Protein chains: 2
Amino acid sequence: MATIYEVSALAGVSLSSVSRVLNDHEHVSKKTKEKVVAAMNELNYRPNTIARSLASNRSNSVGVLVSELHGPFFGAMLSSIELELRKAGKHAVITAGHSDEESEINGLDFLIDRKCDALILLVDAISDDYLIKLSKGNTPFVILNRNISEISDHCFYLDNELGGYLAAKYLIEQGHKEIAYISGPLTKQDSTERLTGHKKALAEANIPFKESLLYEGDYLTKSGRDGINYLIKHKSTFTAVACSNDEMASGAMRGARDHKWLIPEQCSFIGFDNAFFTEYLYPQLTTINFPVNDMAKMSTQWILKNVYKQKELDITNMFIPELIERQSVKKN
Amino acid sequence: MATIYEVSALAGVSLSSVSRVLNDHEHVSKKTKEKVVAAMNELNYRPNTIARSLASNRSNSVGVLVSELHGPFFGAMLSSIELELRKAGKHAVITAGHSDEESEINGLDFLIDRKCDALILLVDAISDDYLIKLSKGNTPFVILNRNISEISDHCFYLDNELGGYLAAKYLIEQGHKEIAYISGPLTKQDSTERLTGHKKALAEANIPFKESLLYEGDYLTKSGRDGINYLIKHKSTFTAVACSNDEMASGAMRGARDHKWLIPEQCSFIGFDNAFFTEYLYPQLTTINFPVNDMAKMSTQWILKNVYKQKELDITNMFIPELIERQSVKKN
DNA sequence: CAATAAACTGGAAGCGCTTCCATATTGAAT
DNA sequence: ATTCAATATGGAAGCGCTTCCAGTTTATTG
């Protein structure tokens with residue numbers, strides 16, 4: 001592997017000059033630039049990124065830390081982020097935190113130690129305090145799908161309460177009064193906010209919220225099915241079930257079908273997120289849209305603007321959910 | 001940020017000694033080790049990984065390059081790989097290639113330049129020749145879901161032909177004779193192999209393969225739906241459709257349902273991969289299992305064994321698909 | 001054409017660590 | 001005690017680059 005030194009020798013210039021053309025500095029004459037470029041090509045020179053990072057404390061890469069690497073939500077988010085960064089000539093370094101505080105901090109340290117220029121965090125186990133402290137460090141970052149008021153200008157999040165509200169309101173408008181709710185882990189901010197919105201819509205319609213119609217799931221498909229089984233086993237009556245994400249909704253439908261229920265004739269279902277697969281379920285799932293793409297784009301643009309000084313644009317931190325009406329809800 | 005230098009000063013030993021305890025070298029007395037550790041704690045010392053990489057040409061991380069970051073197949077693979085590496089105390093650096101040769105090579109260079117100790121490649125646009133040449137370089141790597149005979153001991157792949165064969169055979173056993181096939185891109189190895197297996201099963205049963213029953217999709221859900229529409233529009237008759245992956249099968253079912261077909265009464269469907277969601281489709285999708293987890297594990301173990309000398313174990317390169325019988329296929 | 005500013009170039013230090021080599025210390029064996 | 005190997009430690013070079021500073025060249029102006 002050729003080094004900058006060999007390039008400088010071949011081109012007949014100094015190390016500094018080679019470095020300057022490498023970094024597109026001003027104040028390099030056209031002539032030396034040409035000589036250097038020619039030498040680089042001849043030697044098939046490739047800069048050593050590690051050495052550059054050590055000397056400059058930069059890396060031209062942004063670290064992305066997610067709870068999980070699989071699942072439609074994380075997949076879509078990762079894809080969008082990576083694409084947006086790639087367009088801007090930056091590299092994404094992705095790693096996973098597994099919703100476990102130690103692992104998440106470990107992943108965070110890894111990315112910081114690798115001198116990522118900035119971080120995008122989609123994690124839920126690390127505490128607010130830790131992140132607030134982190135914001136005083138040297139590595140700039142944004143937080144996705146979470147709002148920490150002390151550093152809310154670094155946060156990009158959905159109006160989850162509105163989402164939960166819209167879903168419940170829609171069911172109510174369709175004539176449902178007995179509405180079961182399968183939530184995500186109630187330790188997570190998004191879960192509780194969605195549930196709050198749900199309750200708010202019920203209250204507005206003077207429908208009491210019944211604890212017996214609530215099942216706390218874990219956002220995974222299986223827990224939707226478990227939820228339905230739980231509700232049925234406890235002899236709850238309901239004509240619709242609202243789920244805190246699409247995967248649980250799909251699991252819930254599967255569970256209902258195991259009991260020979262007709263969907264949506266005997267029971268309506270509504271999801272949350274508008275994951276790509278919802279359109280391919282049967283019946284097609286009515287759900288709440290989570291503008292994953294927009295959020296991914298906005299967060300990378302924040303970084304391009306604030307860290308790389310590339311763009312000048314307006315930043316929106318909160319995103320608005322919307323109802324996507326399909327076929328899993330019936331008038332009651 | 002404290003450096004090794006400050007640690008050595010505080011501990012009253014040399015730089016080399018600090019480095020030795022940092023790297024768990026032999027020949028360090030218990031006493032100096034204790035002094036150094038104490039100093040590190042007191043200074044809250046964190047090694048600079050970049051500097052270590054530069055000096056040692058190692059990074060304690062393995063690069064993972066995938067075609068896409070989303071979708072159940074890639075998601076599951078990434079998750080398993082990351083988990084396996086994490087268990088072994090190694091870090092995964094993930095990046096995407098988007099099935100585009102330039103992007104893939106770009107990602108590859110990125111990972112190599114970052115001095116990853118090894119690479120895991122799940123890509124399809126980079127040519128065999130390029131990878132063969134790469135195998136003569138300094139960065140060891142494995143290739144997933146692809147078999148290049150010149151370097152087949154670096155390759156981990158499914159017996160795709162057997163998979164295609166098993167699916168078709170099962171349909172035939174259930175009495176189907178007119179079987180449509182929705183394939184992946186026929187430029188991709190796995191697609192053509194699966195199709196070959198399909199044809200083989202037909203031939204064994206003396207059923208002629210009809211070009212008119214073949215639709216070339218792209219592995220995405222939508223193309224399954226497009227495939228069904230295409231087949232219907234061209235007035236093909238068939239009682240079953242085999243798909244080259246589960247997403248297209250799900251799209252195909254959706255398409256069939258748009259035409260008011262009953263599934264599986266009027267038409268049977270079989271998928272490929274056994275993605276997690278197939279169990280939650282309605283009807284539950286009969287499919288071919290792709291042991292994603294096993295493959296991910298095996299490939300990381302190859303690295304642990306050959307690069308990090310951690311494990312000593314037998315390596316299997318080819319994995320065997322299996323039929324998963326569920327409810328989307330009916331006796332004909 | 002001199003004076004001055006602007007553009008360009010080279011030298012050298014330094015980023016934080018690893019690793020080789022040489023020297024010093026220890027302990028076991030004679 | 002003496003010798004020799006094994007073990008432990010320090011010094012210093014070097015990984016490949018960036019960046020500051022000082023010095024040199026070129027262009028600009030009156």
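Predicted, not measured: the structure shown is a model, and the values here were computed from it. Below, read A as the first sequence line, B as the second, and so on, with proteins coming before strands; counting in each chain starts at 1.
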Separation of [N] [atom2] from [X] [atom1] (nearest whole Å):
X: A/His27; N: C/dG10; atom1: NE2; atom2: C1'; answer: 16 Å
X: B/Arg20; N: C/dC21; atom1: CZ; atom2: C1'; answer: 11 Å
X: A/Leu22; N: C/dT9; atom1: CG; atom2: P; answer: 16 Å

Exercise for review: Can you establish whether the number of heavy atoms outside A/Glu102 located under 6.0 Å from its atom CD is more than 12?
Suggested key: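 No, CD of A/Glu102 has 12 or fewer neighbouring heavy atoms, counting only those of other groups under 6.0 Å.
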
Review point. Any chance NZ of B/Lys33 has more than 12 other-residue heavy atoms, nucleotides or ligands included, within less than 6.0 Å?
Key: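 Count not over threshold, so no.
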
Give one of base, sugar-phosphate or nothing for [X], where a contact means two heavy atoms less than 4.0 Å apart.
X: B/Val18; value: nothing
X: B/Val13; value: sugar-phosphate
X: B/Thr3; value: sugar-phosphate
X: B/Ser53; value: nothing
X: B/Ser16; value: base
X: B/Asn57; value: nothing

Review point. Just how far is it from atom CG of B/Asp100 to atom CG of B/Asp124, taken to the nearest 0.5 Å?
Key: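 Interatomic distance, B/Asp100 CG to B/Asp124 CG, rounded to 0.5 Å: 10.5 Å.
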
Point to revise | DNA chain D: 5'-most and 3'-most nucleotides touching chain A, 4.0 angstrom heavy-atom criterion | key: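 Using the under 4.0 Å cut-off, the span is D/dG16 to D/dC20.
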
Review point. Passes side chain to side chain contact (heavy atoms under 4.5 Å, CB included), B/His154 versus B/Ile148? Steps please.
Key: CA-CA 9 Å; B/His154 294 222; B/Ile148 300 173; over 6 Å; no

Check your understanding: How do A/Met1 and A/His25 order along DNA chain D: which one's closest nucleotide is nearer the 5' end?
Key ->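 This one resolves to A/Met1.
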
Check your understanding: Using the benzene-type ring in the case of Trp, are the ring centres of A/Phe73 and A/Phe290 under 6.0 Å apart?
Key ->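 Centroid distance A/Phe73-A/Phe290: below 6.0 Å, so yes.
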
**Study point:** Short side-chain N/O contact to C/dC8 OP1/OP2 from A/Ser29, under 4.0 Å
**Key:**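 Result: no.
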
Review point. How about A/Leu65 and A/Ile120: do any of their side-chain heavy atoms sit closer than 4.5 Å?
Key: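 No, too far: nothing below the 4.5 Å cut-off.
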
**Study point:** B/Val36 and B/Arg20, any side-chain heavy atoms less than 4.5 Å apart
**Key:**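 When only atoms from C-beta onward are counted, B/Val36 and B/Arg20 do not touch, as no gap falls below 4.5 Å.
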
Review point. Under 3.5 Å, is there a donor-acceptor pair linking the side chains of A/His91 and B/Asn106?
Key: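 The answer is yes; a qualifying pair exists.
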
**Study point:** A/Lys87 with A/Glu84: basic N within carboxylate O range, under 4.0 Å
**Key:**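 Result for this pair is yes, salt bridge flagged.
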
Check your understanding: Hey, can you pull the residues of residues 39-51 of chain B with a non-hydrogen atom under 4.0 angstrom from DNA chain C?
Key ->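 Going residue by residue through residues 39-51 of chain B, the ones with a heavy atom under 4.0 Å of DNA chain C turn out to be B/Tyr45, B/Pro47, B/Asn48, B/Ala51.
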
